[in-house]
Amino acid sequence: MNAARQPHAVVIGSGFGGLAAAIRLGARGYRVTILERLDAPGGRAYVHKQDGFSFDAGPTIVTVPFLFEELWELCGRKMSDDVTLAPLDPFYRIVFDDGSHFDCSGDPDKMRAEVARLSPQDVKGYEAFLKASEDRYWYGFEVLGNMPFTNFTDMMKALPKLAMLRSDRSVWRAVCNYVKDQRLRIVLSFHPLFIGGNPLSVTSVYILISYLERRWGVHFAMGGTGALVNGLLGLVESQGNRIRYNATVDKIDVVNGHATGVTLANGETISADLVVSNADIAWTYSNLLRDVPRRRWTDKKVDSLDYSMGVFVWYFGTNKRYDNLEHHTVLMGPRYEELLKDIFKRKILADDFSIYLHRPTATDPSLAPDGCDAFYALSPVPHLDADVDWETMAEPYRKAIEARLEERLMPGLSKSIVTSHVTHPRDFADRLLAWRGAAFGPEPLLTQSAWFRTHNKSEEVDNLYFVGAGTHPGAGMPGVLASAKILDLVLV
Ligand SMILES: Cc1cc2nc3c(=O)[nH]c(=O)nc-3n(C[C@H](O)[C@H](O)[C@H](O)COP(=O)(O)OP(=O)(O)OC[C@H]3O[C@@H](n4cnc5c(N)ncnc54)[C@H](O)[C@@H]3O)c2cc1C
């Protein structure tokens, strides 16, 4: 097509949602410009390279490969030519405070044996839980996750089934109905934290994640999640489109209720036939659309939403390998429910924590120099409503994590660290313009999901669309890739 006659789309942000949206628009014949405020793509999946180590900043667990494969197919290519996904077994090891552990995998027999090892009387309840998880997967992920929810009729149609599935119950309450052992209750309920939700509050529809992992497996992209980002970038470029870095959008230009383009922080204006925002949804409404009268998503409404937790992540490299550690380990702290309340409700930074420890070099040693290991240790923390000065707290908090890892999992750790870097909610707010420094946008509560979440087509402005964690269906790589797929459905 003649480039001058091609409609032009601007995509704000190069997170997975933005890249997937750009590819889908490119496949529809749009000329696409992606504007990214950072110096590299990926957003939460940015890659930090330091002292010969490579650290994926955020997502590490790849669960639904076909959502990526579809994007390659749209470009007439095969994903496996560009990216290798390695299936993990076990998916992850959960280490409890009493020293016992549980290995989570996709093998039904192994899982039954693990449940029986910890709590023989819970095997039957576990089987019933898995059936409930599967039912919610088919409805929650396969049906609701692909529905646009741009009108309330869609929501009305979903309500009877949601009521039947007892989606008014929390994940925690649902799990407690099936198993008695506290450790198993933790194993089966902690998944909503992957997408920023409090297991004590978010709808039990999210127990679907257990079945989703079993159905699709848990994978690691060789070369790191950054290899997926680069792969998608390659697709964008193969369509003749491009990304501009260090380009912060200051506002979305709106004339007579139609998005006409964007203005950058340096004053430059870029016109477009269509604008897609992959920037933080609260930031988009409150800042990028600050001058636009809004009926539903007013500043007050945006401010009154419940936001997901923040995360503290310590990236570090060691001059030796810790081959006793799996690729993914979750080291539980002494408290579970009370810690969740500190993070989500009381919004205080507790002295204790649970840590998700990522060791990518267990699967791909090329991410660190020879004989070394790369790690990240993630601790869920309250978002910026908490009274925490992260500039002063970051180092003592990191040291506390180091001490706990050294004591429980990694002997000699303090003497083997050769490189180190941290991120925290203040950094999320400043770098990524994340509202309240929340790591996953608005919390996936029932009252903030489906029709109640930001639609993928703006209700306020024509020619304006949204993708990414803050929009329907929600956070996580599968969620944001699905948001771009729904964009394809709602585009006129
Ligand atoms: C530490 C961590 C671990 C995670 N682990 C997993 C996991 O293992 N598996 C999983 O599936 N998910 C995981 N997630 C969730 C997943 O990473 C996110 O939900 C997803 O990557 C968010 O993608 P997004 O499309 O919303 O864009 P984002 O990644 O949020 O990117 C948005 C982009 O927009 C840019 N931007 C913002 N404002 C502007 C502006 N005004 N102008 C220009 N650019 C702008 C930002 O710089 C950023 O690059 C994790 C998240 C975190 C934080």
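All figures in this text were calculated on a predicted structure; none of them were measured in a lab.
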Under 6.0 Å from the six-membered ring centre of Tyr137 and within 45° of its axis: does the NZ or CZ of Arg214 meet both? no
Between Met477 and Thr225, does a side-chain contact (heavy atoms from CB on, under 4.5 Å) hold up when you go through it step by step? CA-CA 11 Å; Met477 289 188 279; Thr225 307; 4.2 Å; yes
More than 12 heavy atoms of other residues, nucleotides or ligands under 6.0 Å from NZ of Lys131: yes or no? no
If you define the side chain from C-beta out and look only at heavy atoms, does anything of Asp342 sit under 4.5 Å from Arg335? yes
Could you tell me whether Glu127 and Lys124 make a salt bridge, using a distance below 4.0 angstrom between a side-chain N and a carboxylate O? no
I would like to know whether Phe316 and Phe55 meet ring pair (Phe, Tyr, Trp, His ring centres under 6.0 Å); could you show each step before the answer? CA-CA 8 Å; Phe316 60 99; Phe55 300 104; 8.0 Å; no
Spell out, as yes or no, whether a donor-acceptor pair under 3.5 Å connects the side chain of His455 to the backbone of Lys457. no
Would you say His328 and Phe91 make side-chain contact, with heavy atoms under 4.5 Å? no
Go through it in stages, so that I can follow the logic: the residues are Tyr126 and Val187, the test is side-chain contact (heavy atoms from CB on, under 4.5 Å), and I'd like the CA-CA distance, side-chain angles, deciding distance and then a yes or no. CA-CA 11 Å; Tyr126 167 71; Val187 167; over 6 Å; no
May I ask you to check whether Trp297 and Phe466 place their ring centers less than 6.0 Å from one another? no
Side-chain donor-acceptor contact under 3.5 Å, Tyr285 with Thr454: no
Okay, side chain of Tyr376, backbone of Gly58: is any donor-acceptor separation there less than 3.5 Å? yes
In sequence, state the C-alpha distance, the side-chain angles, and the governing distance for Arg294 and Asp299, and then conclude on salt bridge (Lys or Arg N to Asp or Glu O under 4.0 Å). CA-CA 9 Å; Arg294 283 164 272 140; Asp299 289 356; 2.9 Å; yes
Return yes if some donor-acceptor pair links the side-chain N/O of Thr203 with the main-chain N/O of Leu446 below 3.5 Å, else return no. no
Is Leu67 close to Trp216 at the side-chain level, that is, under 4.5 Å between some pair of heavy atoms? no
Looking only at atom types and distance, does a side-chain atom of Lys347 sit under 3.5 Å from a main-chain N or O of Phe344, one as donor and one as acceptor? yes
Indicate whether any N or O donor in one side chain lies under 3.5 Å from an N or O acceptor in the other, for Asp427 and Thr423. yes
How about CG on Asp291, more than 12 heavy atoms from neighbouring residues, nucleotides or ligands closer than 6.0 Å, or not? yes
Test item: Arg359 side-chain N/O and Leu325 main-chain N/O as donor-acceptor pair under 3.5 Å: yes
Test your reading of the model: is there a side-chain donor-acceptor pair from Thr60 to the backbone of Pro360, 3.5 Å cut-off? no
Answer whether the closest heavy-atom distance between the side chains of Leu357 and Glu326 falls below 4.5 Å. no
Going by heavy atoms in the side chains, are Asp97 and Tyr336 under 4.5 Å from each other? no
Minimum side-chain heavy-atom gap Ile281-Pro442 below 4.5 Å: yes
Is there a donor-acceptor pair closer than 3.5 Å between any side-chain N or O of Asp122 and the backbone N or O of Asp181? yes
Side-chain (Asp56) to main-chain (Gly226) donor-acceptor, under 3.5 angstrom: yes
Taking only residues two or more places apart in sequence, or in another chain, which ones meet Arg321 in a salt bridge (Lys or Arg N to Asp or Glu O under 4.0 Å)? Asp323, Asp373
Below 4.5 Å, heavy atoms only, C-beta onward: do Lys110 and Asp89 meet side chain to side chain? yes
One thing to verify: whether Glu114 and Arg93 come together as a salt bridge, which I'm taking to mean a side-chain N less than 4.0 angstrom from a carboxylate O. no
Verify the neighbour count for atom NZ of Lys301: are there more than 12 heavy atoms of other residues, nucleotides or ligands below 6.0 Å? yes
Should the pair Asp135-Lys161 be classified as a salt bridge under the 4.0 Å nitrogen-to-oxygen rule? no
Would a distance-only check, ignoring hydrogens and angles, find a side-chain to backbone donor-acceptor pair under 3.5 Å from Ser204 to Arg169? yes
Does atom CG of Asp351 have more than 12 heavy-atom neighbours, drawn from other residues, nucleotides or ligands, at distances under 6.0 Å? no
Phe353 ring center near Tyr397 ring center (under 6.0 Å): yes
Are any side-chain N or O atoms of Asp306 and backbone N or O atoms of Glu443, one a donor and one an acceptor, separated by less than 3.5 Å? no
How far apart are the closest heavy atoms of Trp435 and Trp283, and which atoms are they? CE3-N, 4.0 Å
side-chain contact (heavy atoms from CB on, under 4.5 Å) between Met410 and Phe375, worked out: CA-CA 11 Å; Met410 305 177 68; Phe375 289 94; 3.4 Å; yes
Within a strict 4.5 Å, meaning less than it, do heavy atoms of the Tyr139 and Val205 side chains meet? no
